[in-house]
Structure formats: C-alpha cells, structure tokens
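Comments concern the structure below.
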Amino acid sequence: MFDLKDLYQELIVDHNRNPRNFRKMQDADRVVEGFNPLCGDHLNLYLKLNQDQIADLSFDGSGCAISVASASLMTDALKGKKVADAESVFNVFHNMITDNKLHDAEEIEHLGKLAALLGVKDYPARVKCATLCWHTLHTALEGKEKTVTTE
Amino acid sequence: MNTNIAQTLSAGQSTFSVDTIRADFPILQQEVHGKQLVYLDNAATTQKPLSVITTLDDYYRHYNSNIHRGVHSLSEKATAAYEASRKKTKDFINAASTKEIIFVRGTTEAINLVAQSYGRSTLKPGDEIIISEMEHHSNIVPWQLLCEQTSAVLRIIPINDDGELIMEEYRKLLNEKTKIVAIVHISNALGTINPVKKIIDMAHAVNAVVLVDGAQAVAHTGVDVQALECDFYVFSGHKLFGPTGTGVLYGKQELLERMPPYQGGGDMIKMVTLKKTLFNDLPYKFEAGTPHIAGVIGLGAAIDYVTKTGLANISAWETALIQYATAESAKINGLRPIGTAKEKISILSFTLDKIHPHDIGTILDHEGIAIRTGHHCAMPVMEHFHVPATARASFAFYNTHAEVDRLLQGLKKCLEIFG
C-alpha cells in the first residue's frame, strides 16, 4: 500500500509553502506558459541564457503542491547548469517518474533533491502535475512555442 | 464520530432506512486503499442499485434485440420494455404525453439537440439567448456555437457572492429580442436551487421559450414539467442512479412537432425514397439509429427505485446530511464554502486555505473518500469566486452522517500534512 508520506514528503511540503525562484523575471530571454487544463495548474517559466548556460531560471503561477514544489525544485536544481546537462537531467527525471521500474540507490542519488518527487509514481493522475514545469522548460530551451499544455 | 444521529427517518408515506438502502448498492461494499469506501462524488455520477444492474443483465441475457422493427418475440419484449421506460419517465416528470419524452445520450446531447434543431431553425441575427454565469459548460458551449451560426447574441445573468442568480439583472436582460432562456435548475458547482418557475414565467411574458437543465435536480427534488410550464427539460440517466449513456429531452409537443429532425437515420422515418423522406411521428422523429436500449430499460428501473424510495424521503435525508456537513465543516480552520445560497441541495463545494483542491483530493482518496476536485465544468463560476478549482463533496441518499465524519477527519489530515 502507498504511504501518503511518500508523496507529500517534508521537502515537497516545504517547497510548496516557500517556493524557490518564485518571481517574475523582467529581463528573461524566454517566457513560456505551462497549463494543465485538467487541474488548472498554471505557471509561467522565465529563462535567461548565457550562451549555452542557464544563467537564471524562475517561475510564477498557481497550482497544487506537487506542481509548485516540482517547479521550485527544478529551478533550484538547474540554475547555472549547461543547457545540455539540463536536458539530460530532464530525460533521467522524466523516465524515472513515468516508468514502472524500481530504481537503485545510485540512480536516485543522481537526481538529488528531485528524487523527492518520485512518490508521484504511485499516483498516476498526479504525474502530470510533477512534469508540467519540465515540459515547459523543455519547450523554453527549444525556443519554439509560447504555451505548453499537458493534454 | 457522531453515532447518535438516527439512521432512519420518517417522511412521506414510507420509512427510510439508510442501512437498507446501502445494501441495495453493491459498489458501496468495498474498500479503497484499505479503507471502507466513502463515495461523495454523486454530482458527477451516482451509483447504481442492484435492480438497475440486474435489469441490464436480464436484457442482455434474455431478450437482447433491436426495437421497433422485428416481429419476433425478443424484439417485441425489448420494444415493450423500452416504451415502458418512456411511460415511467413521463410519469416521473409529469409530462402530458409520452410523445414529449425523447431518449438521448445525456443532458449534453439534449441541449445540443434543442440548440441545433429549435434554435437554428428559428433564430434570426440579433435575436438574444439568455443563460447564466453558473451554467455547466454543456449549457454554455452549445449556445455559443448557435450564436456563431445564427448571429444571435448571448446574454448572461450574473450571480452574487452566495452563488445565487441576481434576478433583478435577469429582469433587465429580458426584452422582445429574447427568444431562448437556458437555465440550470440546480447548480452542479454550487448546489444552488434556482427559482425556475419564476424564471420561466418571466421569459414567457416576452414570448421566449425556456430550457431547464435538470441534470442535478431530478435525483434530489420532484420535477413537474406541466406545473413549471417549461418548454424543454433535460437530464441524464446516470445522475439518477441509471446507466451512463442515457438521457431525456422533454419538450412541449407543439414545439417538438414544429422542430426539424436533429439527426437523420433509421427509426426516425416513415418512408424513404432516394428523392425524399417522410419523417416519423414524435417521439421517434428525434431518435435516429438504434438507441441505448439496455440503458433506457435500466433507466426505467432506476426511476422505479427512486419512486419506491420516495423523493420526499430522499430530500429529507439529504437535507439533514448537508446541514450537518455544513455546520461541522464550518468549524474547520481555513475552510471557505463556495456556494452559500439560501436554497441549495446536498453539495458542499469549498476551498481550504493554502491547500490546493487536487492535494485535498489525493489525500482524501488515500483515506478511501471519493470527492471531485477541479472546476466542475463550470469555469465561469470559478472565475467569479477567484479560485482555480474547488473541492466538492456531493451527497446522495445512501450517504450517512458517519461518512460526513470521515470526510471531516480526512480534511483534518490535509491540514496536518500541510499545517
């Protein structure tokens, strides 16, 4: 049986209550809107690039604890990272949160604090809440569209 | 736990025992996440009594066949059962004739039928349609589509902060250009019971026709379409303890006679040549193709069940539940009820300070409690109250005071986790 504490870990609750990098960025290079029509989760992601490096990353908007904490943790984890490294973290995170495998300690350690979100795996209806900010970032890095929806 | 609350009550003619009722609903006898299921999502869909389930089983097992065409015994039996459901439906809402009862897929299809058949054939550019701010999307979008097609104009009755229609604004909207008023009887997001009789009378004074969306009403309150004098009344079977994929359009015979068919096909014709078709009489003119035969027969069984239980009993029990839930939930810190109309049914829509409804939904699910979270297909209502979503517990007559207590305990758990 799933334990609710696996989903709402202290780290998630903390990042929901005090989201990091929760601000509008006036001089952002790219702004992409992410929207989950089913839940009403809604965020704006602000990205500032310095050549191939993420110089600054922030967000604002409203959503459930999972979506807010996920965006908070993501922005914290990726600020200062090379774009290629960010894409690689995205792939690892996305695979781990959507596959059915159990992961070993080494893999989980690789995710750092982001591993706190893996509890979402047991709640299929909530996976989109956790991945919304990541899809939004992916689009921002590609520099194509302005709006992302989970549907 | 409040164990002192009586589990029975007497209203109307028969005695109502919730334990007896619950025994009729097999789905309630299960555990979810290791806890006894508490089903509080009845405004989304209701559970089915055993009599409905066995009616479906009986049809498929013993007399599955098409209706209105075969001369063989199974077809005759299926036709008789299908038409018996029409008679039960007619009696249930007190229509004048079975010709006024059209079976459709649900409330949504019934509204689209009226918009596309009645609306499209009668509206002129500049004509006006009135709906309200508290409508379900299914009573907004079909009219928006119709306005695009006919250059008619959509007017909106606003609501106040209790979630009630502002009748004075409605009065101002009515004029000689008003042709259709489409209004929800009971709001799915707020529980508000609208003064539909008054709304209908006021619309008739300017010669507008009125469609009443009764999706949330029929399972909770008696409906008499002749007393209301509404022109159209629509509802779904699945919110009335019947099968999904069934619904009813009631229309005044004189209006239905004048309206062109909505869909063409089998069963809605008298004679077809390759040049011209002679349409069938009411109600068949609007029932093209093989309908949901099993579902409609099942809907008849659901109406039997509700009638046997008694809407007076149902309403009295649910009123006691919502009064208890409203009073007890008010004691929870940070709980904000959304929808505080003076006249409302057993729907408790709310937000909890700093906790998103989806987190509430997940935590309650973990406790075995099913509620709805989200915008309830009524995004304009959410906009009015400046919330992205609400949590909604909606009660039926098989729910108990002990289940209200479980809900309240679950909400306290939400506060503990996010405290």
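Within the 4.5 angstrom heavy-atom criterion, no atom of B/Ile355 approaches chain A. Both the backbone and the side chain of B/His358 come within less than 4.5 Å of a heavy atom of chain A.
A side chain to side chain contact (heavy atoms under 4.5 Å, CB included) with B/His356 is found for exactly one of A/Ile66, A/Asp41, A/Val68, A/Asn16, namely A/Asp41.
Rounding to the nearest 0.5 Å gives a distance of 4.0 Å between OG1 of B/Thr362 and OH of A/Tyr8.
When the shell of 6.0 Å around CG of A/Asp99 is examined, it contains more than 12 heavy atoms from other residues, nucleotides or ligands. By the 6.0 Å contact criterion, CD on B/Gln29 is enclosed, its count of non-hydrogen atoms from other residues, nucleotides or ligands being greater than 12. Shown here is B/Arg105, whose CZ atom has no more than 12 heavy atoms of other residues, nucleotides or ligands within 6.0 Å.
With sequence neighbours left out, A/His94 forms a ring pair (Phe, Tyr, Trp, His ring centres under 6.0 Å) with A/Phe90, A/His135.
Counting only distance, with no hydrogens or angles, the side chain of B/Asp359 and the backbone of A/Cys64 share no donor-acceptor pair below 3.5 Å.
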N/O donor to acceptor pairs below 3.5 angstrom from side-chain atoms of residues 411-419 of chain B, sequence neighbours left out:
none

